[in-house]
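Worksheet for the structure shown next.
Position 1 is the first residue of the sequence; numbering continues from there.
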Amino acid sequence: WFKYIEDEWVLRGVSFKVNPGDTVAFVGATGSGKTTILSLIVRNYDIQKGQILIDGIDIKKIKRSSLRSHIGQMLQDVFLFNETIKNNITLNDDGITDEAVIQASEYVGANTFIDKLPDKYEHIVLERGNNFSSGQRQLISFARALVYEPSLMILDEATANIDSETEELIQESMQKMMNISTMIVVAHRLSTIQYSDKIILMQKGEIKEEGNHQELLRQKGLYYNLYQLQYDEALQK
């Protein structure tokens, strides 16, 4: 379904496949090529060599607007504007019903704090969402992505800065979203991606390890060392 081969000077000999409905996670140090892959998938810029295929079609042959209309993106820095929560979720698309907004919010768990507000979905969001916590902002972005029913969901370090108050809720939300769409995730916290169908560890623009969480732990390689490091850090907190 999905194949990626990139310029040898940036991502050397990188090739992987994502099956429909699967969740594939990329992990690795900063600068290893994870976010570059996501940027190429949505055509923020195009590859110079190789191909990215979706359903056997080279994405260079697909209009950017058409391609992106089928992709839901959830990023580390959530963009919220000074409007109601509802309009932040629908992006002012009148074709999205109130019922769809509520359903998406309930599915990702955003309703847990929205329902406590006196004006609920009509509550005004301050510029950049400064009246909400980082985790709450992220849940709003999850609902925004979900309400458009994307064929592919992309999460780029979406859990990097979440607060402890909503961390468990974010974890549950991500696990539920894994069941409704193909998902590609870039994550720092391994706890958020251990249920992925496939985990790809990148290092200096190359794939070093590939497998699910348990398979990679059994290898006792780079992923195992990274997992042990994060586990030890969590115990010290």
Side-chain angles (χ1 to χ4, degrees), residues 1-2 4 11 14 16-44 52 54 59 67-80 88-89 91 104-105 107-110 129 132-164 166-202 207 210 212-213 216 223 226-227 230:
W1 177 80
F2 187 100
Y4 171 82
L11 296 170
V14 173
F16 63 89
K17 182 178 180 180
V18 181
N19 294 316
D22 277 2
T23 294
V24 174
F26 287 88
V27 298
T30 300
S32 60
K34 309 181 302 296
T35 297
T36 298
I37 289 174
L38 300 189
S39 294
L40 291 167
I41 291 171
V42 299
R43 292 190 65 191
N44 287 339
I52 300 174
I54 294 181
I59 65 168
L67 177 69
R68 293 170 183 172
S69 69
H70 294 281
I71 299 175
Q73 295 189 67
M74 289 149 283
L75 309 177
Q76 181 175 340
D77 296 319
V78 178
F79 175 75
L80 297 178
N88 269 279
I89 292 174
L91 297 177
S105 300
Y107 195 87
V108 302
F132 293 104
S133 70
S134 56
Q136 290 171 338
R137 291 194 296 270
Q138 199 57 262
L139 287 172
I140 291 173
S141 81
F142 283 7
R144 174 193 290 168
L146 197 62
V147 81
Y148 280 90
E149 300 180 348
S151 302
L152 171 65
M153 288 195 284
I154 288 178
L155 280 75
D156 188 3
E157 296 285 11
T159 62
N161 296 325
I162 59 173
D163 50 282
S164 57
T166 48
E167 181 174 3
E168 187 175 342
L169 202 54
I170 292 278
Q171 298 267 24
E172 293 174 0
S173 177
M174 284 186 63
Q175 283 182 245
K176 290 172 75 175
M177 287 194 295
M178 287 178 185
N179 297 322
I180 62 170
S181 178
T182 305
M183 186 181 292
I184 298 178
V185 183
V186 165
H188 170 70
R189 299 186 187 190
L190 301 187
S191 57
T192 62
I193 51 92
Q194 59 183 316
Y195 299 106
S196 301
D197 298 287
K198 183 189 297 183
I199 298 170
I200 297 174
L201 188 141
M202 303 285 297
I207 293 176
E210 186 173 345
N212 62 38
H213 178 69
L216 292 177
Y223 181 84
L226 186 59
Y227 181 78
Q230 291 194 10

Checklist entry - Should Y223 and H213 be marked as a side-chain hydrogen bond (donor to acceptor under 3.5 Å, both in side chains) after you check the CA-CA gap, both sets of side-chain angles, and the distance that decides it? => result CA-CA 9 Å; Y223 181 84; H213 178 69; 2.8 Å; yes

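- A donor-acceptor pair under 3.5 Å links the side-chain atoms of R137 to the main chain of G129, judged by distance alone.
- In this structure a side-chain-to-backbone donor-acceptor pair under 3.5 Å is missing from S105 to A110.
- Looking only at side-chain heavy atoms (C-beta outward), V27 and M202 stay at 4.5 Å or farther from each other.
- Listed here is the closest heavy atom pair of L67 and I41: CD2-O, 3.3 Å.
- At a threshold of 4.5 Å between non-hydrogen side-chain atoms, the residues M153 and S181 count as touching.
- Rounding to the nearest 0.5 angstrom, the gap separating the OH atom in Y148 from the CG atom in L91 is 4.5 Å.
- In terms of modelled atom types and a separation under 3.5 Å, the side chain of Q230 and the main chain of H188 share a donor-acceptor contact.
- Looking at every heavy atom in both residues, I89 comes nearest to R144 through O-CG, 3.4 Å.
- Listed by chain and residue number, M74 satisfy the side-chain contact (heavy atoms from CB on, under 4.5 Å) test with A145 (two or more places apart in sequence, or in another chain).
- Shortest non-hydrogen contact noted between D22 and D197 is CA-OD2, 3.3 Å.
- Annotation: the span from F16 atom CZ to I200 atom CD1 amounts to 5.5 Å, rounded to 0.5 Å.
- The closest donor-acceptor contact from the side chain of S196 to the backbone of V24 lies at 3.5 Å or more, if one exists at all.
- Residues passing the side-chain contact (heavy atoms from CB on, under 4.5 Å) test with S39 are T35, N44, Y45, sequence neighbours excluded.
- I184 places a side-chain heavy atom less than 4.5 Å from the side chain of L152.
- The minimum heavy-atom distance linking L80 with N88 is given by the pair CA-OD1, 3.3 Å.
- Of all non-hydrogen atoms in A143 and A104, the two that sit nearest each other are O-CB, 3.8 Å.
- L216 places none of its side-chain heavy atoms less than 4.5 Å from the side chain of N212.
- The line from CD1 of I207 to OG of S32 is 10.5 Å long, rounded to the nearest 0.5 Å.
- Among I193, V185, I199, I37, the one residue that satisfies the side-chain contact (heavy atoms from CB on, under 4.5 Å) test with F26 is I37.
- Considering only residues two or more places apart in sequence or on other chains, E210 meets the salt bridge (Lys or Arg N to Asp or Glu O under 4.0 Å) condition with K198.
- What you find for V18 and T182 is that their closest heavy atoms are CG1-CG2, 3.6 Å.
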Checklist entry - Does the pair Q73 and L155 meet the rule for a side chain to side chain contact (heavy atoms under 4.5 Å, CB included), with working shown? => result CA-CA 6 Å; Q73 295 189 67; L155 280 75; over 6 Å; no

